[in-house]
Structure formats: structure tokens, C-alpha cells
There are 2 protein chains.
Amino acid sequence: MYTIGQISEMFHIPISTLRYYDKEGLFPEMERKSGIRKFSEKEVEAIRVIECLKTSGLEIKDIKQFMAWCTEGPSTYSKRKELFEKRKEAIEKEMKQLQKTMDMLKFKCWYYETAIEDGNEDHLNQMLPDHLPKDIQVLYDNAHS
Amino acid sequence: MYTIGQISEMFHIPISTLRYYDKEGLFPEMERKSGIRKFSEKEVEAIRVIECLKTSGLEIKDIKQFMAWCTEGPSTYSKRKELFEKRKEAIEKEMKQLQKTMDMLKFKCWYYETAIEDGNEDHLNQMLPDHLPKDIQVLYDNAHS
DNA sequence: GTAATACCTAAACCTGACTTTAGGTCAAGA
DNA sequence: TCTTGACCTAAAGTCAGGTTTAGGTATTAC
């Protein structure tokens, strides 16, 4: 059993945020001892799930829904599984987006390296949009598709 | 040359958002014809850069700074390059985070598949935290590290 | 000539996710 | 005793990134 201060240190999450999560219903089963929150292993795992679902782009109110399902028992297993499957798809999509963004960034790094060498963008402008060096062309095309 | 409506369709960005970007100084060189915005190729490329920098986690005010550097000429090439290098690092970090999140999601999918098969979480609770099937253990450990 | 479109501005409003404030309880140590 | 530190609440405040509203202009279509 942990106090809110211990949990805050463990996860580097502000105490105010933990209280906010609690107020939003993200720890529906959490116990209290004369008003003071007692975080058990259950809540510790809940926090890991909250961070995971948040990173996957889920909103607090939908995380609350998930936590509610968890208290409902085995009848909600398949709902819970489907939620995680959807989050997997969302993350996959986001990773593709990030890869495309990465290609743009790599292209821009090359672009400015070259501009620094040349002292201007004249040569670069002549090469755009489809006479770039092969490896750079790939980045440019992916970023602009 | 494009109107705001054409650009909105091209990029699937609301007109209100394009006007907001303009108000925030993200198109410092944009021309107008009797009050009406004229988006040139320069602004089209600016929008691609805006989307890229936004995805990388940069705030609007910092994107504005970048756009201002672009109007200052060759003296800011190295500042601009450094910005893109930093964004690359940010994206790399984010991708690692997403990979960890993905491992958690995969673990949870397996977890609920198994719970559905078993009808309860008893067997699963016996396996936790370090007697999971090998491939699942890897996901679990990565997600909980 | 009038009605429909597509554009414009300034300013108010909205949303999600927190954070801060103001005021209070309770237990341990000097 | 009294003060320090860790906890508590309700309610207000903050911030980024837009969106909506209200009112206006300018061109084209019938």
C-alpha cells in the first residue's frame, strides 16, 4: 500500500494529477483510511494502463469507461480486448505518420546542410522537385505524398 | 496561386484553422489581392512544414519563429538546421515511447484473449509477473520497465 | 437588381487536461 | 504547546489550439 506522495515519486506524476485522475473516476476501487487514499498494486497497474491508453490517444472519459468495465467482471472481457485492439490500430497509424514526419525532417536537415555549404538555395531550387540525389529523393517523395 | 478554400480542400484543413495560422504569423510573406489571401507554392510548402513540425510536438509560437527565420535569409540556415535536428531527436524519443506502449497493448490483448478462453483471470494471476509464456514475457517486461 | 457564394475581421467561446488557490485535518517531533 | 509536513476538498484558473459568431465586402449567376 502506498500514499499519494509515494506514487507521485514512483511515477513522476504530480500529486494534483493523481487527485484529478481519482476525481475523474480512474481509480473506482481505491480504498481510503480516514479520508486518505491508499494505492494498492491494483492502482499501480491502473496507472500504467492510464499512461498507456493516454499515449495511445484515448481521452480521460474513455479511460474511465475502461476502468468501470474492469470492476464489472468477466462479462466485459471482450469489450476490454476490443478497446486494446483499436488502440493498437491507432498506434500503428500514428507510427506511420511519425515515419513520414521523420522523412520530412531528414530531408530538411539535408536541405539546410546543403544550403550552408552552398551559401544559398539556388542550386537546391534547381534540383527540386525531382532531381535530388537518389536517397534524398526517396525522403522528399515520401514526405510530400 | 490558390484561394483559402482551395488550400482547405487540398490539405483537409478547416478555413478557420488556416486563418488562425495566418493570424499567428505562420505565413509572414503571404500576398493579398484587395484583402483576399493568395497562397503561393511558398505557402503550400509552409503548410507541409507546419504539419511536420506540429506532429513533431512543436508549438505554434515556435513554428512562427522558424517562419520568421526563413524570411531573414541565409544567415539563419544553421539555426533552421539545428531546429530540424532537435525535432528528429524528439520524434525518435516519441517512437521509442510508442513502441513501449505498443508492447503494453499487445500484452493486454493477449491477456484478455486468455481471460476470455479461461472465463476468469485466476490462471493469469498465477503466471504474473514472471511466469508468462516467453514471447509474452518480453512484452510484459518491456511495458513494465 | 437581387440572391447566392466565397471571401474578410474582431472578438467571444470552447475543450481537455491539468494546476493553483484557499482553507482545513491530523500526527509526530522539539 | 506549537509548528512542521503530509494529507484532504471544492472551486477557480490556465493554456494551447482551435472554432464560432456576428457583421461586412465583392464577384458571379440568374
Side-chain angles (χ1 to χ4, degrees), chain A residues 1-40 43-44 46-68 87 90 94 97 101, chain B residues 1-40 43-44 46-68 87 90 94 97 101:
Chain A
M1 289 292 197
Y2 308 95
T3 66
I4 200 167
Q6 290 171 323
I7 294 285
S8 169
E9 289 214 340
M10 275 174 65
F11 287 95
H12 310 107
I13 297 173
I15 290 177
S16 60
T17 303
L18 292 168
R19 293 211 259 247
Y20 163 69
Y21 287 169
D22 187 25
K23 205 178 57 183
E24 293 301 302
L26 265 41
F27 308 118
E29 311 258 77
M30 188 158 55
E31 280 176 44
R32 292 194 181 223
K33 209 169 177 176
S34 59
I36 289 169
R37 294 174 182 83
K38 296 288 157 192
F39 290 74
S40 70
E43 279 73 40
V44 168
I47 291 168
R48 279 192 279 256
V49 172
I50 290 165
E51 304 248 88
C52 165
L53 292 176
K54 231 160 50 87
T55 301
S56 85
L58 211 64
E59 289 178 21
I60 300 292
K61 69 172 186 295
D62 297 316
I63 301 179
K64 173 189 180 163
Q65 175 64 268
F66 170 77
M67 295 302 174
R87 291 297 94 205
E94 206 185 331
Q97 178 62 39
T101 300
Chain B
M1 289 293 197
Y2 307 94
T3 66
I4 200 167
Q6 290 172 322
I7 293 286
S8 169
E9 289 214 340
M10 275 173 64
F11 287 95
H12 310 107
I13 298 173
I15 290 178
S16 61
T17 303
L18 292 167
R19 292 210 259 249
Y20 164 70
Y21 286 170
D22 187 25
K23 204 178 60 183
E24 293 300 303
L26 266 41
F27 308 118
E29 310 258 78
M30 188 158 55
E31 281 176 43
R32 291 197 181 218
K33 210 169 176 175
S34 59
I36 288 170
R37 294 173 181 84
K38 296 288 156 190
F39 289 75
S40 71
E43 279 73 40
V44 167
I47 290 169
R48 279 192 279 255
V49 172
I50 290 166
E51 303 248 89
C52 164
L53 292 176
K54 231 159 50 88
T55 301
S56 86
L58 210 65
E59 288 179 23
I60 300 292
K61 66 173 190 293
D62 296 316
I63 301 180
K64 173 189 180 164
Q65 175 64 267
F66 170 77
M67 294 303 173
R87 290 298 94 203
E94 206 185 331
Q97 178 62 40
T101 300

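For the numbers below, each heavy atom of this structure counts, side chains included, while hydrogens, waters and symmetry mates do not. In what follows, chains carry the letters A, B, and so on, assigned in the order in which the sequence lines appear, proteins first and then strands, with residues in each chain numbered from 1.
Between the C1' atom of dC18(C) and the CD atom of Glu24(A) lies a distance of 10 Å, rounded to the nearest Å. For the pair Ile7(B) CD1 and dC8(C) P, the interatomic distance rounds to 12 Å; values are reported in whole Å. For the pair Ile4(A) CD1 and dC8(D) C1', the computed distance is 9 Å after rounding to whole Å. Note: CE (Met30(A)) to C1' (dC7(D)) measures 13 Å, nearest angstrom. With rounding to whole Å, Phe39(B) atom CZ is found 13 Å from dC8(C) atom C1'. The CZ atom of Arg19(A) sits 5 Å away from the P atom of dC8(D) (whole-angstrom rounding). For the pair Asp62(A) CG and dT15(C) P, the interatomic distance rounds to 16 Å; values are reported in whole Å. The CD1-P distance, from Ile13(A) to dA17(C), rounds to 14 Å in whole Å.
When every heavy atom of Ile63(A) is checked against every heavy atom of Lys54(A), the shortest pair comes out as CD1-N, 4.1 Å. Across all non-hydrogen atoms, the minimal contact from Lys64(B) to Gly25(B) is CG-O, 3.9 Å.
Tested against Phe39(B), the residues Tyr2(B), Phe27(B), Phe11(B), Tyr21(B) include a single ring-ring contact (aromatic ring centres under 6.0 Å, His included) partner, Phe27(B).
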Scoring nucleotides 12-28 of chain D by protein non-hydrogen atoms under 4.0 Å (B base, S sugar-phosphate only, - none) yields -----BBBB--------
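OP1 or OP2 of dC8(C) has at least one side-chain nitrogen or oxygen of Arg37(B) nearer than 4.0 Å. Within the 4.0 Å cut-off from OP1 or OP2 of dT9(D), at least one side-chain nitrogen or oxygen of Arg32(A) is found.
Contacts of Ser40(B) classified as side chain to side chain donor-acceptor pair (under 3.5 Å), with partners at least two apart in sequence or in another chain: Glu43(B).
A salt bridge is defined here as a Lys NZ or Arg NE, NH1 or NH2 lying under 4.0 Å from an Asp or Glu carboxylate O, and Asp22(B) with Arg32(B) meets this definition.
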(request) Take Thr3(A) and Ile7(A) through the test side-chain contact (heavy atoms from CB on, under 4.5 Å) and record every step on the way to the result. (result) CA-CA 6 Å; Thr3(A) 66; Ile7(A) 294 285; over 6 Å; no
